[in-house]
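Presented below is the structure to which this report refers.
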Amino acid sequence: MTAYWLMKSEPDECSIDDALGAPQATVPWTGVRNYQARNFMRDAMQVGDGVLFYHSSCPEPGIAGIARVASDVYPDPTQFDPKSPYFDPKSSPDKPRWLLRDVKAEKKTRLLSLAELRDTPALADMVVLQRGSRLSITPVSAEHWRLITQELLNG
DNA sequence: GCCAACGTTGGC
DNA sequence: GCCAACGTTGGC
């Protein structure tokens with residue numbers, strides 16, 4: 001059964017344009033250093049799941065495009081790179097702590113801003129909108145996915 | 001740069 | 001296992 005996700009990326013690091021410009025429009029979702037978000041990728045995601053590509057920590061935070069989970073889970077190579085800001089000295093290649101999946105960008109959309117998301121009563125239950133929510137990967141219900149993609153693709 | 005909210009660490 | 005201190009996220 002297809003599931004849906006919202007995945008945050010800082011556009012300074014990897015914007016929807018960057019992802020679309022990558023080979024096969026596919027990027028490894030590096031840098032997740034939160035166990036709950038990691039576990040979503042490891043245990044709950046499946047290839048083909050829908051992804052709302054969200055721009056965070058930027059002047060205009062919000063959903064910027066549609067993407068899809070494009071690979072099985074595998075170790076995040078940045079955890080082993082001492083020069084990477086995501087380096088984790090407590091991790092090792094034979095016992096990797098951090099995992100990722102590849103994400104394939106499908107379409108850049110208009111920016112559906114965080115303010116607009118918050119102004120939409122039908123989306124009030126979205127995990128990402130909950131008070132104090134900081135997770136960089138959150139599940140999205142089928143109904144919320146339908147509403148948002150309909151608005152972005154047809155609206 | 002501020003700060004609320006949450007996660008992680010480490011001493012006990 | 002508790003919990004205070006500290007670190008991080010991310011909108012504003």
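Only a predicted model underlies this, so the values are computations on that prediction, with no experimental measurement involved. Reminder, nothing fancy here: chain letters follow the sequence lines and each chain counts from 1.
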* To do: Scan for side chain to side chain donor-acceptor pair (under 3.5 Å) pairs involving residues 77-87 of chain A, sequence neighbours excluded, and state none if there are none.
  => A:E13-A:Y86, A:R33-A:T78, A:D76-A:T78, A:Q79-A:S91
* Residue-phosphate contact under 4.0 Å: A:K8 side-chain N/O, C:dT9 OP1/OP2 -> no
* Which nucleotide in C:dG11, C:dG10, B:dC6 has an atom nearest any side-chain atom of A:Y54 -> C:dG11
* Structure fact -> So ring-ring contact (aromatic ring centres under 6.0 Å, His included) across residues 115-141 of chain A, not counting sequence neighbours, yields none
* Asked: Between A:M126 (CE) and C:dG11 (P), how many Å, whole number?
  -> 13 Å
* Do A:R33 and C:dT8 share a donor-acceptor pair, side chain to base, under 3.5 Å? -> no
Indicate every side-chain donor-acceptor pair of residues 147-155 of chain A with a distance under 3.5 Å to a residue at least two apart or in another chain.
residue, atom, partner, partner atom, Å
A:T149, OG1, A:W145, O, 2.7
A:T149, OG1, A:R146, O, 3.4
A:E151, OE2, A:R110, NH2, 2.7

* Asked: Rounded to the nearest Å, what distance is computed from the CZ atom of residue A:R38 to the C1' atom of nucleotide C:dT8?
  -> 18 Å
* To do: Name every residue in residues 56-67 of chain A that has at least one heavy atom under 4.0 Å from any atom of DNA chain C, in order of residue number, or write none if there are no such residues.
  => A:S56, A:S57, A:P61
* To do: Whole angstrom is fine here: how far is it from CD1 in A:I137 over to P in B:dC6?
  => 19 Å
* To do: Could you check how far CD of A:Q36 sits from P of B:dG7, rounded to whole Å?
  => 7 Å
* To do: Could you note down all residue pairs passing salt bridge (Lys or Arg N to Asp or Glu O under 4.0 Å) where residues 49-64 of chain A supplies at least one of them, sequence neighbours left out?
  => none
* Asked: Which residue pairs pass the side chain to side chain donor-acceptor pair (under 3.5 Å) test with at least one member in residues 15-31 of chain A, sequence neighbours excluded?
  -> A:S15-A:D18, A:D17-A:K108
* **Between C:dT8 (C1') and A:E10 (CD): distance, integer Å** => 11 Å
* Structure fact -> The nucleotide from C:dC12, C:dG10, B:dT8 with an atom nearest the side chain of A:L114 is C:dC12
* Closest to the A:R97 side chain: C:dG7, B:dT9, B:dT8? -> B:dT9
* Would you please indicate if the ring centroids of A:W98 and A:Y35 are separated by under 6.0 Å? => yes
